[in-house]
Amino acid sequence: MATAIARGLIANGTDPSVITMVDPNLDQRTLLQDTLGVTVSEDAASACKEASTILLAVKPQVVEAVAEQIKLAGDLSDKLLISIAAGITLEALEHLFGAIAIARAMPNTPALLGLGATGLFVNAYTTTAQQAEAEGFIEAFGICVTVEREELLDAVTAVSGSGPAFYFLMIEEMIKAGIKLGLSPNDVRNLTLQTALGAATMAAQGDVEPDELRQRVTSPNGTTHAAITAMQENGYGEIIEKAMIACRDRAIQLGKV
Ligand SMILES: NC(=O)c1ccc[n+]([C@@H]2O[C@H](COP(=O)([O-])OP(=O)(O)OC[C@H]3O[C@@H](n4cnc5c(N)ncnc54)[C@H](OP(=O)(O)O)[C@@H]3O)[C@@H](O)[C@H]2O)c1
């Protein structure tokens, strides 16, 4: 995720040399330096001492250890910390870092292409200017939706954080079914992917709602109508809702361990 975010920032005009990426692995640091032109370091404390914005992009289970390293930088009170660690609450982050400006973000992997969808919530120590800075940072790799309550980040996880996988599953299942209907794997793959891209692009234009777009291609008793009826009779809507509730509940559970 950190690499995706750095790529987005650079593509959006940030000078790579002002970004310092900290990674314990030498091969990874060399790769980041060579491919992105960023400054690299193995020392989180010295990198964070120099930085005005710190992005915490490690697995939740190493957040505590990394916080100990970052705190060796000394006074963090004028810094903005942006955490993307899933499930780590602002309360837990404030416990680790103290009363500083912290923004919690839930991004997703299309950030790699500058097409990320990220939910954001900031703590009470964050100024309006720092919130705008966090939003601008996130908008370098996609859209930013600032939510009204921290717990809504768990709903964001169910919509966009994990959402790309729901679409990948739909694509996988359409490819499998298309092959069963006699198409070659290559043909069905090309047709499915272009259809997903076309449908998402039409829906993203936003001037016509998705249900209206669907109805426009669903003539009574036609082919699409047969498909949609089969989906609805088999509980398509309920499956999506149950999946998203399970996702939200797992996010809540992970935040408690
Ligand atoms: N992937 C997603 O779709 C997604 C979506 C939303 C949020 N998130 C959150 O984003 C965070 C990062 O996820 P990810 O998938 O990018 O994980 P990742 O691929 O494991 O990246 C974490 C990076 O942190 C490095 N690291 C480990 N210990 C470190 C330390 N002490 N100091 C500095 N760097 C250290 C790791 O290096 P090594 O590989 O050498 O250990 C690795 O390069 C997670 O908290 C996850 O919950 C991910």
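All of these numbers come straight from a predicted model, not from anything done at the bench. Just follow the structure's listing: the first ligand is 1, and inside any ligand the first atom is 1. Below, each value reflects all heavy atoms present in this structure, side chains not excepted, and no hydrogens, waters or symmetry copies.
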Trainee: Indicate whether any N or O donor in one side chain lies under 3.5 Å from an N or O acceptor in the other, for T53 and E133.
Mentor: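 Distance-only check passes for T53 and E133.
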Trainee: Could an N or O of ligand 1 be found under 3.5 Å from any N or O of M1, whether backbone or side chain?
Mentor: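 It does: an N or O of M1 is found under 3.5 Å from an N or O of ligand 1.
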Trainee: Applying a strict 4.0 Å limit to heavy atoms, is A65 in contact with ligand 1?
Mentor: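 Judged by the 4.0 Å heavy-atom criterion, A65 does not count as contacting ligand 1.
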Trainee: So for Q28, does at least one of its heavy atoms come nearer than 4.0 angstrom to any atom of ligand 1?
Mentor: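 Contact absent.
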Trainee: Output the distance between atom CZ (R250) and atom CG (D154), rounded to the nearest 0.5 Å.
Mentor: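 With rounding to 0.5 Å, CZ (R250) is 12.0 Å from CG (D154).
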Trainee: With a 4.0 Å cut-off on heavy atoms, is A44 in contact with ligand 1?
Mentor: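 Contact absent.
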Trainee: Which bit of A85 is near ligand 1, meaning a heavy atom under 4.0 Å away: side chain, backbone, both or neither?
Mentor: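 It is both backbone and side chain that touch ligand 1.
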Trainee: Could you check whether R216 pairs with E212 (Lys NZ or Arg NE/NH1/NH2 to Asp/Glu carboxylate O, under 4.0 Å)?
Mentor: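 Yes.
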Trainee: Give a yes or no on whether V159 and I138 share a hydrophobic cluster (residues Ile, Leu, Val, Met, Phe, Trp, Tyr; joining criterion: side-chain heavy atoms under 4.5 Å apart).
Mentor: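 Hydrophobic grouping puts V159 apart from I138.
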Trainee: Backbone, side chain, both or neither: what part of Q69 comes under 4.0 angstrom of ligand 1, heavy atoms only?
Mentor: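 Under 4.0 Å from ligand 1, Q69 contributes side-chain atoms alone.
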Trainee: Would you verify that at least one protein heavy atom lies under 4.0 Å from atom 39 (O) of ligand 1, or report that none does?
Mentor: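 No, no protein heavy atom sits under 4.0 Å from atom 39 (O) of ligand 1.
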Trainee: Output yes when the distance from some N or O of ligand 1 to some N or O of V58 is under 3.5 Å, and no in every other case.
Mentor: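 Yes; at least one N/O pair falls below 3.5 Å.
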Trainee: Would A57 count as a contact residue for ligand 1, given that I'm defining contact as a non-hydrogen atom of the residue lying under 4.0 Å from a ligand atom?
Mentor: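 True for this residue.
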Trainee: Any donor-acceptor pair under 3.5 Å linking the side-chain atoms of N186 with those of S184?
Mentor: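 No, because no side-chain N or O of S184 sits under 3.5 Å from a partner of the opposite role on N186.
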Trainee: We want to know whether S77 and D75 form a side-chain donor-acceptor pair, criterion being a heavy-atom distance below 3.5 angstrom.
Mentor: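 Present: a donor and an acceptor within the cut-off.
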Trainee: Give the single entry among N25, T3, I84 that approaches atom 7 (C) of ligand 1 most closely by any heavy atom.
Mentor: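 It is I84 whose heavy atom sits nearest to atom 7 (C) of ligand 1.
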